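Inspection log for the structure reproduced underneath, given as structure tokens.
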Amino acid sequence: MDKIQKIFASCATVDRAALVIFCSCGYPDMDSSEQIIEDAIAAGADIIELGVPFSDPMADGAAIRQASEVALRQGATLKGVLAMAERLSKRHPDTGFILFSYMNVMLNYGLDALCNELRRIGVDGILAVDLPFEERAELADPCRSAGLHLIPLVSPMTSLERAAMIMGEATGFVYSVNICGITGVREKLPPEVAERLASLKERSPVPVAAGFGIADGASAKAIARVADGVVVGSAVINKLLAPGELETRRRDASELVRTLAGSMSRHA
Amino acid sequence: MKTHYGIYGGQYVAETLMPILHELEKEYLAAREDPAFQEEFRSLLKNYVGRESPLYYARRLSEHLGGSRIYLKREDLNHTGAHKINNTIGQALLAKRMGKTRLIAETGAGMHGVATATVAALFGFECEVFMGTTDIDRQAVNVERMQTLGASVRPVSEGSATLKDAMNEALRDWTARSADTFYVIGTVAGPHPYPLLVKDFQSVIGEEARRQCLEQTGRLPDEVVACVGGGSNAMGIFAGFLEDSDVALTGVEAGGAGIATGKHAASITGGRVGVLHGSKTYLLQDDNGQVLETHSVSAGLDYPGVGPEHCFLADSRRARYVTVDDEEAVDAFAMLARFEGIIPALESSHALAYAIRTAPAQSRDRIVVVNLSGRGDKDMDSIRRFRKQQAASAK
Ligand SMILES: Cc1ncc(COP(=O)(O)O)c(C=O)c1O
């Protein structure tokens with residue numbers, strides 16, 4: 001069993017969902033974001049999505065965009081994120097790490113070189129936001145050779161037939177997007193989310209993690225009941241973007257992650 | 001269905017947009033074969049846009065230069081003053097066919113925004129145009145035109161606050177609101193099927209130019225020249241001549257302050273292969289794969305990527321891509337005004353400048369067709385500002 005499978009399996013044995021936390025690497029600067037990830041792991045995150053900032057984040061809402069813009073101004077690069085990931089994965093051999101970015105940043109590094117490097121430093125997979133099923137070959141091949149998971153997305157727009165095709169080829173897990181739109185916290189998730197996740201899970205050979213729009217412990221709990229994993233990004237980043245001392249903001253972010261982790265259990 | 005041009009193009013978008021793009025492709029392919037759709041398109045081009053546009057021999061300019069005979073394809077005479085309307089008519093008809101009620105668009109110079117606002121009024125769509133705040137400042141008149149036509153202009157202040165950022169925001173809006181919204185992309189960029197359908201809607205330029213050149217001169221031109229921002233006016237005119245291997249095709253990119261300064265918008269000349277806005281393309285980017293800000297005196301050429309078919313034509317050498325810098329374009333702008341009584345768009349002035357640069361060394365039987373993609377009324381402020389800066393830096 002590989003690390004990602006183990007994480008989902010061990011969560012399943014205690015009847016809870018895995019908590020996946022998206023971090024904007026380099027926000028507010030590289031050193032702080034390394035600490036923020038440390039905090040998230042200490043607070044109960046099972047898998048970390050290492051968000052590499054891109055100048056043109058067309059699938060992202062205001063929170064991640066704002067964090068990315070600051071990170072880029074502070075000089076965040078893919079190389080820097082890889083160096084950080086190597087340290088993190090050494091310190092946390094049981095935590096899952098997924099590199100999360102847009103294709104241009106990865107293409108620029110070289111896809112073969114990137115996959116080999118990720119493998120070497122102990123990152124488990126890649127999620128390329130703007131790489132749909134039809135275009136996946138150029139990254140899927142080097143991922144396969146390096147033994148990395150290429151995590152696909154499905155969305156409410158995806159027909160069940162298409163979802164089955166996408167999930168049929170997935171390894172690691174599938175990321176199901178809760179809402180039609182970009183990332184960002186929503187006041188309420190659409191009511192059909194639960195039913196949708198149930199039918200995806202029925203058809204998926206790998207665990208289904210659900211994300212987009214999750215605001216707090218309550219909405220995380222609702223999703224944890226019906227998904228194998230819960231992904232939260234913007235809500236945590238919003239805590240970090242709030243005004244005030246960095247120390248306070250970090251503590252608030254880490255408290256939120258602790259609340260989210262406490263909401264993963266499916267026991268009453 | 002072919003979705004790539006060699007390695008270029010494709011559909012590099014989030015999964016949420018894929019089913020929408022599939023539906024658009026299906027509808028477009030059906031519309032392409034539907035005589036009623038084509039008939040309505042042609043009829044609007046004739047009676048509303050005022051096509052066909054003339055192919056005009058610029059005699060005084062050519063004689064002054066003493067070489068090639070320069071012919072101008074007068075897209076500046078179209079309704080709304082540029083080639084952009086050919087495409088927005090086509091996409092509006094497609095939106096109507098798909099039952100959408102709202103059009104969105106990105107715009108740089110504002111010409112595509114105006115052309116979209118125009119067809120929205122014509123067909124009764126709601127219309128929102130995304131525009132970078134930098135462009136809103138330098139193209140104020142076009143903002144007022146859009147508002148007059150009933151569109152609302154949504155300012156985009158992120159990133160470089162220009163065309164690429166406006167396009168990001170339009171894509172985000174579309175991702176969330178595809179049920180009632182049709183995204184009218186203004187150039188041959190973006191994910192498939194946009195490069196295909198925009199080329200098809202613009203290919204009327206090349207069809208007419210080829211026929212007109214044969215009628216007026218008895219032969220095909222030696223060279224066809226067009227400016228390249230995203231590449232729609234160039235693709236439109238090239239389309240008529242792609243099979244004529246003796247006709248040289250030349251795309252002119254914006255050299256800005258000069259390629260060596262890094263302040264330019266010449267994606268093919270100065271970029272590397274990358275992915276932006278759903279398409280693999282030559283892209284102006286830094287060493288870390290972040291997209292660079294572009295620089296050009298003409299807002300309409302200020303785009304860091306370029307249509308995928310142009311990348312393919314460049315690699316295969318069927319077309320050649322050259323650059324003209326700000327100063328040379330501004331000189332060409334003034335020259336055409338003085339010699340022919342035509343004030344060209346700054347974008348088109350790039351194509352013209354290349355023809356002016358190369359004409360004198362050529363024989364007098366050589367025929368060059370320049371796509372005069374738009375008129376320059378919108379550019380008076382930009383020219384004034386450019387001259388002022390020039391004067392200041394000369395001191
Ligand atoms: C008059 C004119 N020509 C050319 C362009 C550049 O676009 P494209 O390269 O798609 O023709 C623009 C864009 O705004 C324009 O307004």
Side-chain angles (χ1 to χ4, degrees), chain A residues 52-62 65-66 68-69 71-72 75-81 101-110 114 128-138 152-159 161-163 166 174-177 179-184 186 212, chain B residues 1 3-4 7 9-23 25 106 156-160 163-179 190-192 271-281 283-293 304-305:
Chain A
V52 185
F54 178 48
S55 53
D56 294 81
M58 67 176 181
D60 281 303
R65 281 181 352 238
Q66 205 182 324
S68 298
E69 207 163 336
L72 287 175
T77 62
L78 175 53
K79 279 191 190 115
V81 173
S101 195
Y102 288 81
M103 268 307 273
N104 196 58
V105 176
M106 306 192 198
L107 265 180
N108 176 73
Y109 188 95
L114 176 63
V129 190
D130 53 352
L131 190 76
F133 188 76
E134 282 75 359
E135 304 287 354
R136 74 196 184 292
E138 65 186 307
L153 292 162
V154 296
S155 107
M157 295 296 291
T158 315
S159 68
E161 199 184 354
R162 179 172 167 84
I166 293 171
V174 165
Y175 188 147
S176 170
V177 171
I179 43 190
C180 262
I182 54 179
T183 59
R186 302 293 193 279
F212 275 44
Chain B
M1 175 83 226
T3 57
H4 292 66
I7 64 164
Q11 298 177 304
Y12 293 88
V13 296
E15 169 62 19
T16 305
L17 282 178
M18 284 305 289
I20 306 169
L21 292 175
H22 285 150
E23 188 195 326
E25 176 190 76
E106 83 293 337
V156 178
S157 56
E158 278 174 48
S160 54
L163 181 57
K164 82 171 173 77
D165 310 284
M167 192 152 173
N168 287 329
E169 201 52 33
L171 283 163
R172 289 182 195 115
D173 181 278
W174 200 36
T175 306
R177 261 193 89 169
S178 62
H192 170 81
R272 285 183 290 121
V273 175
V275 168
L276 182 67
H277 298 144
S279 176
K280 194 174 272 183
T281 173
L283 184 62
L284 296 173
Q285 53 183 314
D286 71 12
D287 293 343
N288 295 304
Q290 306 299 340
V291 181
L292 289 170
E293 285 189 30

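Chain naming here is simple, since letters A, B, ... match the order of the sequence lines and numbering starts at 1 in each. Just so you know, these numbers come straight off a predicted model, no measurement behind them.
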List the atom of B/G274, the atom of A/N104, and the distance in Å for their closest heavy-atom pair.
CA-OD1, 3.0 Å

Inter-residue atom distance A/E135.CD - B/K280.NZ, 0.5 Å rounding
8.0 Å

Shorter than 4.5 Å, heavy atoms on both sides: which option in A/P156, A/S159, A/P57 has the most such pairs with chain B?
A/P57

Taking atom CD1 of A/I179 and atom OG1 of B/T175, what is their separation to the nearest 0.5 Å?
11.5 Å

How far does OG of A/S55 sit from CD of B/Q285, to the nearest 0.5 angstrom?
9.0 Å

Which residues pass the salt bridge (charged side-chain N to carboxylate O under 4.0 Å, His left out) test with A/R65, not counting sequence neighbours?
B/E158, B/E169

If you count heavy-atom pairs under 4.5 Å between each of B/G159, B/G289, B/A14 and chain A, which one has the most?
B/G289

Looking at B/V13 and A/P132, what are the two nearest heavy atoms and their distance?
O-CD, 3.4 Å

I would like to know whether A/M157 and B/E15 meet side-chain contact (heavy atoms from CB on, under 4.5 Å); could you show each step before the answer?
CA-CA 8 Å; A/M157 295 296 291; B/E15 169 62 19; over 6 Å; no

From the list A/E138, A/E69, A/M103, A/M106, the residue making the most non-hydrogen contacts under 4.5 Å with chain B is A/E138

Just how far is it from atom CG of A/L78 to atom CG of B/N288, taken to the nearest 0.5 Å?
8.0 Å

About how many Å separate CG of B/L17 and CE of A/M58, when rounded to the nearest 0.5 Å?
7.0 Å

Check: B/R272 and A/N108 side chains under 4.5 Å, non-hydrogen atoms
yes

State whether the side chain of B/R172 and the backbone N or O of A/D60 hold a donor-acceptor pair below 3.5 Å, judged by distance alone.
yes

Say whether, by atom type as modelled, one donor and one acceptor occur between the side chain of B/Q290 and the main chain of A/P53 under 3.5 angstrom.
yes

Might you point out which heavy atoms bring A/F54 and B/L276 nearest each other, and give the distance in Å?
CZ-CD1, 4.5 Å

Residues at least two apart in sequence or cross-chain that pass ring pair (Phe, Tyr, Trp, His ring centres under 6.0 Å) with B/H192, listed by chain then number, are none

What's the separation between atom CG in B/N168 and atom CG in A/D56, rounded to the nearest 0.5 Å?
4.5 Å

